[in-house]
Amino acid sequence: MSASIIDGKAIAARVRSEVEQQVRELVGATGRPPGLATILVGEDPASAIYVGGKQKACAEVGMRPFDIRLRADVSHQQVAEKIAQLNGDPEVSGVLLQLPLPSHLDGPALTGLIDPLKDVDGLTPVNAGLLALGRDGLRPCTPLGVMEMLKVTGAQIAGAEAVVVGRSNLFGKPMALMLLASDATVTICHSKTSDLAAVCSRAQILIAAAGRARLIGAEHVRQGAIVIDVGMNRLTPEQAGNRSGLVGDVDFEAAVQRARAITPVPGGVGPMTIAMLLRNTLKAAEVQRRK
Ligand code: NAP
């Protein structure tokens, strides 16, 4: 058996075009587009590329981008003041603090200053708490994108054995909570899990987000499973040889023989994150309008 490939680019393109249409309707009704403010501290090249992609995507669907760039040596107080200013700006519907921050800044503390109604990354304690309580709120974009992919794939989530590899606040924990909210039986694995292959091979839905290249091999994948690879690992030119320098956490060639459906890297989960950021920004704008 060879798995069907879940095309993240195509699913993301459909979400983006839906958002574009809804933005048009919102602008027609209110005269004001949703605004997304991204805050980039310092000049980390990877972060600059991510922020550039978010700004571009935002403009493409008719939203207004606010591109805030702060020097690497900015103080905690200065970042806090910028967040407070954006929280109070009615043109700004969503505020995103690009992580990681330079080491002298406290990322979780600063993220926590974002107005929960504008927290389009879904990472503030208020939105994390709402997710844990099963109440409506803004959800982190990458796990939200995975839920969308599972929906489009027609995965039966209710009652399924789901395993999430990784327990970060950014991805693993919210992913597990979203699957639980959809009635999966969820197991979370991490670096201290004693027999990863034994746990993963039970999964009907296997989601890998450890940040370890090719951690998940054939022995981790149950026959007929849906495999979602969130990992993004850059190989050195020597490791990559003549392949792409970006690989996931799943050994694709091995897993594709056993899975029913699988995401590639690149072109799988990656494109979904920005699409869900746009959807979150639209949702934030609509909620703020009703307030
Ligand atoms: P993270 O904060 O470093 O967390 C990694 C998690 O994986 C931790 O919980 C860690 O366990 C666990 N882990 C590490 N090695 C393991 C092993 N050998 N066996 C089992 N578990 C192991 O990373 P993250 O922010 O969640 O991101 C994870 C990966 O997803 C990264 O490659 C990242 O680039 C990617 N990512 C992609 C997107 C996207 O848009 N496609 C978005 C977010 C993240 P401990 O808790 O015990 O340390």
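Model, not experiment: these values are computed from the prediction. Atoms within a ligand are numbered from 1 in the order they appear, just like the ligands themselves.
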At a 4.0 Å threshold, what atoms of ligand 1 neighbour a non-hydrogen atom of [X]?
X      : value
Ala209 : 5 (C), 6 (C), 7 (O), 28 (C)
Leu215 : 17 (C), 18 (N), 19 (N)
Val165 : 20 (C), 21 (N)
Gly270 : 41 (N)

Suppose we measure from [atom] to each protein heavy atom; which comes out shortest, and what is that distance?
atom                    : value
atom 48 (O) of ligand 1 : Ser191 OG, 3.6 Å
atom 37 (C) of ligand 1 : Val230 O, 3.2 Å
atom 42 (C) of ligand 1 : Thr142 OG1, 3.2 Å
atom 29 (C) of ligand 1 : Gly211 N, 3.7 Å
atom 40 (O) of ligand 1 : Thr273 OG1, 2.7 Å
atom 25 (O) of ligand 1 : Leu170 CD2, 3.5 Å

Has Thr193 got any heavy atom lying under 4.0 angstrom from an atom of ligand 1?
no
Residue selection (non-hydrogen contact nearest [atom]) among [options]:
atom                    : options                        : value
atom 26 (O) of ligand 1 : Gly8, Ala46, Ser168            : Ser168
atom 20 (C) of ligand 1 : His190, Arg167, Met276         : His190
atom 5 (C) of ligand 1  : Cys189, Ala210, Gly166, Cys200 : Ala210

So that I can tick it off, tell me whether Glu148 and Arg14 are bridged by a salt bridge, with the cut-off set at under 4.0 angstrom between side-chain N and carboxylate O.
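Result for this pair is yes, salt bridge flagged.
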Are Glu161 and Arg222 ion-paired here, with the side-chain N under 4.0 Å from a carboxylate O?
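No, no charged N to carboxylate O under 4.0 Å.
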When you look for heavy atoms under 4.0 Å from ligand 1, do you find them on the side chain of Arg212, its backbone, both, or neither?
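It is the side chain that gets close, since no backbone atom is under 4.0 Å.
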Indicate, with yes or no, if [Y] and [X] share a hydrophobic cluster defined by side-chain heavy-atom contacts under 4.5 Å among Ile, Leu, Val, Met, Phe, Trp and Tyr.
X      : Y      : answer
Leu99  : Val51  : no
Met149 : Phe171 : yes
Val250 : Ile5   : yes
Leu206 : Val256 : yes

Using side-chain heavy atoms (C-beta onward) and a distance below 4.5 Å, is Asn280 in contact with Leu138?
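Of all side-chain heavy-atom pairs linking Leu138 with Asn280, at least one is under 4.5 Å.
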Any donor-acceptor pair under 3.5 Å linking the side-chain atoms of Gln55 with those of Thr38?
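Their side chains do contain a donor-acceptor pair, which is all the 3.5 Å distance test asks for.
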Looking at atom 32 (O) of ligand 1, is any protein heavy atom nearer than 4.0 Å to it?
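Flag for atom 32 (O) of ligand 1 set to true, protein heavy atom closer than 4.0 Å.
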Any N or O of Leu196 that comes nearer than 3.5 Å to an N or O of ligand 1?
no
Does Glu20 form a side-chain hydrogen bond (donor to acceptor under 3.5 Å, both in side chains) with Ser17? I'd like the steps, not just the answer.
CA-CA 5 Å; Glu20 187 178 4; Ser17 109; 5.7 Å; no
Decide side-chain hydrogen bond (donor to acceptor under 3.5 Å, both in side chains) for Gln98 and Lys54; before the verdict, give the C-alpha distance in whole Å, the side-chain angles of both, and the deciding distance to 0.1 Å.
CA-CA 10 Å; Gln98 183 67 38; Lys54 290 166 188 177; 2.8 Å; yes
Going by the salt bridge (Lys or Arg N to Asp or Glu O under 4.0 Å) test, which pairs reach into residues 126-141, not counting sequence neighbours?
Asp136-Lys283
